[in-house]
2 protein chains.
Amino acid sequence: MKSQLKRGTLELCVLSLLWRGDCYGYELVNKISDVMQITEGTIYPLLKRLKDNRTIDSYIVESQEGPPRKYYTITDLGRTLKEEQEEEWYSFSEAINKLLKGDGTV
Amino acid sequence: MKSQLKRGTLELCVLSLLWRGDCYGYELVNKISDVMQITEGTIYPLLKRLKDNRTIDSYIVESQEGPPRKYYTITDLGRTLKEEQEEEWYSFSEAINKLLKGDGTV
DNA sequence: ACAAGGTACTTTGTAATGCAAGGTACTATG
DNA sequence: CATAGTACCTTGCATTACAAAGTACCTTGT
């Protein structure tokens, strides 16, 4: 059940992290799982969707500590989407908070 | 896409409204759609799930202004779940906000 | 009486997506 | 060489918001 809450926000989380700097997939998994429980099975398909979308792009970097890393970088389109989704998130979460508190609005 | 955000929170919204007093389905649709766009096709199946769950219960009341209304009332189990989900929502939304703002945590 | 519109409920099917589970392959360490 | 850690990817399932369509009742205007 809890997993349902993540829907729609995970994409924003990824865009937000990439907005601050390129990351590879495994790194994103680690960073995000500090904040909420997720696994690779969630992130890799999401990254693929975002790449198909042209929201992000990728490039390979060799590593001496293991297999090569696929770094992701946010595109201009991605930046636009990130701004939009951030707006949406804030207004949505405020609406929920308002409803939960039962301010006159409802 | 926006619809994805609602996942997991709609149930909490319904429980929260019923926590404050019994409502019939159509009334819930109207109250919630003040805050976010939803339709009957979303609420009625949800109410059915919650009833199967024993989270809520229902009773029929005749109406002079149209067809009889099916009022829903929250059960003790429902109250417990509402408290839990409310907690979850607050901690989840704060975690997202923290990630979006890029506080040291990530 | 009858059409139109609002109230109220229900069901069916579809799309989106988080996640478990399984797989590949490389490097370093014991 | 076995194990563990890093890093990637794919398949299939479960959940759930929602469009669409249908039923049935009451009120109001003509």
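Numbers restart at 1 for each chain; the letters A, B, ... are given by sequence-line order, proteins then strands.
- Distances from the side chain of Thr39(B) to the nucleotides dA16(C), dC18(D), dA20(C) place dC18(D) closest.
- Within the 4.5 Å cutoff, no side-chain heavy atoms of Ile43(A) are placed close to those of Tyr26(A).
- The side chain of Tyr72(B) has dT10(C) as its nearest neighbour among dA17(D), dT10(C), dC19(C).
- When the side-chain nitrogen and oxygen atoms of Tyr24(B) are compared with OP1 and OP2 of dA8(C), one or more of them lie within a distance under 4.0 Å.
- When each of dC18(D), dA8(C), dA14(D) is scored by its nearest atom to the side-chain atoms of Lys6(B), the top-ranked nucleotide is dC18(D).
- The side chain of Thr42(B) places an N or O atom within less than 4.0 Å of a non-bridging phosphate oxygen (OP1 or OP2) of dC18(D).
- Residue Arg49(B) contributes atom CZ, which lies 10 Å from atom P of dT15(D) at whole-angstrom precision.
- If you measure from atom CG of Asn53(A) to atom C1' of dA16(C), you get 13 Å, rounded to the nearest angstrom.
- Proximity note for Tyr26(A) (side chain, C-beta onward) versus dT6(D), dT11(C), dC19(C): the nearest is dT6(D).
- In this structure, CG of Leu5(B) is placed 13 Å from C1' of dT17(C), rounded to the nearest angstrom.
- Side-chain N/O atoms of Arg69(A) and base N/O atoms of dT6(D) include no donor-acceptor pair closer than 3.5 Å.
- The side chain of Gln4(B) sits closest to dT17(C) out of dT17(C), dC9(D), dG18(C).
- Base contact: Gly41(A) has a heavy atom under 4.0 Å from a base atom.
- Place Gly66(B) and Thr9(A) on DNA chain C by their nearest nucleotides, and Gly66(B) ends up nearer the 5' end.
- When distances run from any side-chain atom of Gln37(A) to the nucleotides dA20(C), dA8(C), dC9(D), the shortest one goes to dA20(C).
- Checking Ser58(A) against Lys51(A) by side-chain atom types alone, a donor-acceptor pair falls below 3.5 Å.
- Residue-level contact check: Leu46(A) touches neither bases nor backbone, having no heavy atom under 4.0 Å from any strand.
- Within the 4.5 Å cutoff, the side chain of Ile96(B) has heavy atoms near those of the Met36(A) side chain.
- Between the CD atom of Glu40(A) and the P atom of dT17(C) there is a distance of 21 Å, given to the nearest Å.
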- Task: Check the pair Tyr44(B) / Lys70(B) against side-chain contact (heavy atoms from CB on, under 4.5 Å), numbers first and verdict last.
- Result: CA-CA 11 Å; Tyr44(B) 287 116; Lys70(B) 193 187 254 185; over 6 Å; no
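- Rounded to whole Å, atom P of dC25(D) lies 16 Å from atom NZ of Lys70(B).
- Atom C1' of nucleotide dC9(D) and atom CG of Leu47(A) are separated by 11 Å, given to the nearest angstrom.
- Closest approach to the Tyr44(A) side chain among dT10(C), dA7(D), dA8(C) is made by dA7(D) (side chain taken as heavy atoms from C-beta onward).
- Along DNA chain C, the nucleotide closest to Gln64(A) and the one closest to Ile43(A) are compared, and the more 5′ of them pairs with Ile43(A).
- Comparing dC9(D), dA16(C), dA7(D) against the side chain of Pro67(A) picks out dA7(D) as the nearest.
- A straight line from CG of Leu10(B) to C1' of dC18(D) spans 11 Å, rounded to a whole angstrom.
- Defined by atom type and a distance below 3.5 Å, a donor-acceptor pair is present between the side-chain atoms of Asp22(B) and Thr73(B).
- With distances taken from any side-chain atom of Pro45(A) to the nucleotides dC19(C), dT6(D), dA17(D), the minimum falls on dC19(C).
- For the pair Ile32(B) CD1 and dA17(D) P, the computed distance is 10 Å after rounding to whole Å.
- With contacts defined as side-chain heavy-atom distances shorter than 4.5 Å, the pair Thr9(A)/Phe92(B) qualifies.
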